[in-house]
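For clarity, every value in this text was computed on a predicted model and none was experimentally measured. Quick note on labels: first sequence line is chain A, next is B, and so on, each numbered from 1.
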Protein chains: 2
Amino acid sequence: MSNKKLYRGSLSTIILKLLGDNGRMYGYEITQKVKALTAGELQITEGALYPALHKLEAEGHLKVEFEQVNNRMRKYYALTEDGTKEVANKLSEMEQFIQTMQQLLNPKTGLA
Amino acid sequence: MSNKKLYRGSLSTIILKLLGDNGRMYGYEITQKVKALTAGELQITEGALYPALHKLEAEGHLKVEFEQVNNRMRKYYALTEDGTKEVANKLSEMEQFIQTMQQLLNPKTGLA
DNA sequence: CAATATACCTAAGATTTTTAGGTAATGCTA
DNA sequence: TAGCATTACCTAAAAATCTTAGGTATATTG
């Protein structure tokens, strides 16, 4: 993935959307899901993911449940009520962003 | 503009594309052009623009010409040969990014 | 003549990410 | 069964990019 830089700022949007779709997920699961959904195109690093999860939790968008699976701890995240609203916000911001970029980058024809 | 964060990483793409379309531009002109093209949605700050221009120049993507207009200096930027290739790269990266985000964020229907 | 617009710039701080680790259990395979 | 990959969590230093908040100077407009 050579266009890593472009993903800057979109991580929390991705996390929130996945949790909206899947109910609850744990960190490692999110990294695998993103890799699968994008056919390996986007690999979320753990150094980015965990701080982002903690921040979303601190902001009140996510809540946490611990669960013991195979003698190993899992930390499940799910949307709070507030988080559910935030998903919609983030998605419409992303939509707006994409529209603006298309206005800027292909005034008439296709992007390329 | 509440979705400022999403623009992180896309500034150099915007600059390169505008220079590709317009031949040559000076910094202030770029800020005004972006504001006009996006109906005020995206306002490039000078604190972001000038460092970005200097970096693109240092990387060999842009070349500079000074010009005196109305007793005031203008610094015109234009693409180098290398910069012309970079425009294509950046645009296809942006295209790929948008596709990936759409895969992730609207698996079936529209984005919203 | 003061404020706004034009036109360039930098530096400190904030945010987000990469890079590069650390810990520990489970599963697979040579 | 030793060793390596995978699963699963985490942090901290550094890099990258941006905002904020200045600075300088000329031209235009009310």
> With sequence neighbours left out, what residues match B/D21 under side chain to side chain donor-acceptor pair (under 3.5 Å)?
Replying inline: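 With sequence neighbours excluded, B/D21 shows a side chain to side chain donor-acceptor pair (under 3.5 Å) to B/K17, given in chain and number order.
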> A/N22: what forms a side chain to side chain donor-acceptor pair (under 3.5 Å) with it, not counting sequence neighbours?
Replying inline: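 By the side chain to side chain donor-acceptor pair (under 3.5 Å) rule, A/N22 matches no residue at all.
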How long is the line joining [atom1] of [X] and [atom2] of [N], in whole Å?
{"X": "A/L49", "N": "C/dT19", "atom1": "CG", "atom2": "P", "value": "16 Å"}
{"X": "B/L42", "N": "D/dT19", "atom1": "CG", "atom2": "C1'", "value": "14 Å"}
{"X": "A/I44", "N": "C/dT19", "atom1": "CD1", "atom2": "C1'", "value": "17 Å"}
{"X": "B/Q43", "N": "D/dT20", "atom1": "CD", "atom2": "C1'", "value": "15 Å"}
{"X": "B/L6", "N": "D/dT17", "atom1": "CG", "atom2": "P", "value": "16 Å"}

> What pairs of residues pass the salt bridge (Lys or Arg N to Asp or Glu O under 4.0 Å) test when at least one of them lies in residues 59-79 of chain B, not counting sequence neighbours?
Replying inline: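 For residues 59-79 of chain B: B/R24-B/E65, B/R24-B/E67, B/K55-B/E59.
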>> Test: salt bridge (Lys or Arg N to Asp or Glu O under 4.0 Å). Region: residues 43-53 of chain B. Which pairs qualify, not counting sequence neighbours?
In response: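 The answer is none; no pair qualifies.
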>> Could you work out, with side-chain contact (heavy atoms from CB on, under 4.5 Å) as the rule, every residue matching A/A88, not counting sequence neighbours?
In response: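 A/A88 satisfies side-chain contact (heavy atoms from CB on, under 4.5 Å) with no other residue.
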Donor-acceptor contacts, no H, no angles, side chain residues 9-16 of chain A, under 3.5 Å, sequence neighbours left out:
{"residue": "A/S10", "atom": "OG", "partner": "A/Y7", "partner atom": "O", "Å": "2.6"}
{"residue": "A/S12", "atom": "OG", "partner": "A/K90", "partner atom": "NZ", "Å": "3.4"}

>> Base contacts versus sugar-phosphate-only contacts with protein, heavy atoms under 4.0 Å: please encode nucleotides 8-16 of chain C as B, S and - from 5' to 3'.
In response: BBB----BB
> Donor-acceptor pair, A/T80 side chain versus A/G60 backbone, under 3.5 Å?
Replying inline: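 At least one qualifying donor-acceptor pair exists.
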Using side-chain heavy atoms (C-beta onward) and a distance below 4.5 Å, is [X] in contact with [Y]?
{"X": "A/K35", "Y": "A/L42", "result": "no"}
{"X": "A/T31", "Y": "A/Q43", "result": "no"}
{"X": "A/E93", "Y": "A/F97", "result": "no"}

> Residues in salt bridge (Lys or Arg N to Asp or Glu O under 4.0 Å) with B/D82, at least two apart?
Replying inline: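 Result, salt bridge (Lys or Arg N to Asp or Glu O under 4.0 Å) vs B/D82: none returned.
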> Which residues in residues 57-67 of chain B have at least one heavy atom lying under 4.0 Å from any atom of DNA chain C?
Replying inline: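 When residues 57-67 of chain B is checked for heavy atoms under 4.0 Å from DNA chain C, there are no hits whatsoever.
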> What pairs meet the ring-ring contact (aromatic ring centres under 6.0 Å, His included) rule with one or both residues in residues 40-86 of chain B, with sequence neighbours excluded?
Replying inline: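 Sorted result for residues 40-86 of chain B: B/Y26-B/Y76.
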>> Short of 4.0 Å, heavy atom to strand atom, which residues of residues 82-90 of chain B count as contacting DNA chain D?
In response: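 Nucleic-acid contacts, sorted: none.
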>> Can you see whether B/Q96 engages B/T100 through a side-chain donor-acceptor pair at a distance of less than 3.5 angstrom?
In response: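 A donor-acceptor contact under 3.5 Å links the two side chains.
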I'd like a list of close polar pairs between nucleotides 26-30 of chain D and the protein, N/O only, cut-off under 3.5 Å.
{"residue": "D/dT26", "atom": "O2", "partner": "B/R72", "partner atom": "NE", "Å": "3.3"}
{"residue": "D/dT26", "atom": "O2", "partner": "B/R72", "partner atom": "NH2", "Å": "2.9"}
{"residue": "D/dA27", "atom": "OP1", "partner": "B/N70", "partner atom": "O", "Å": "3.4"}
{"residue": "D/dA27", "atom": "OP1", "partner": "B/N71", "partner atom": "ND2", "Å": "3.3"}
{"residue": "D/dA27", "atom": "O4'", "partner": "B/R72", "partner atom": "NH2", "Å": "2.5"}

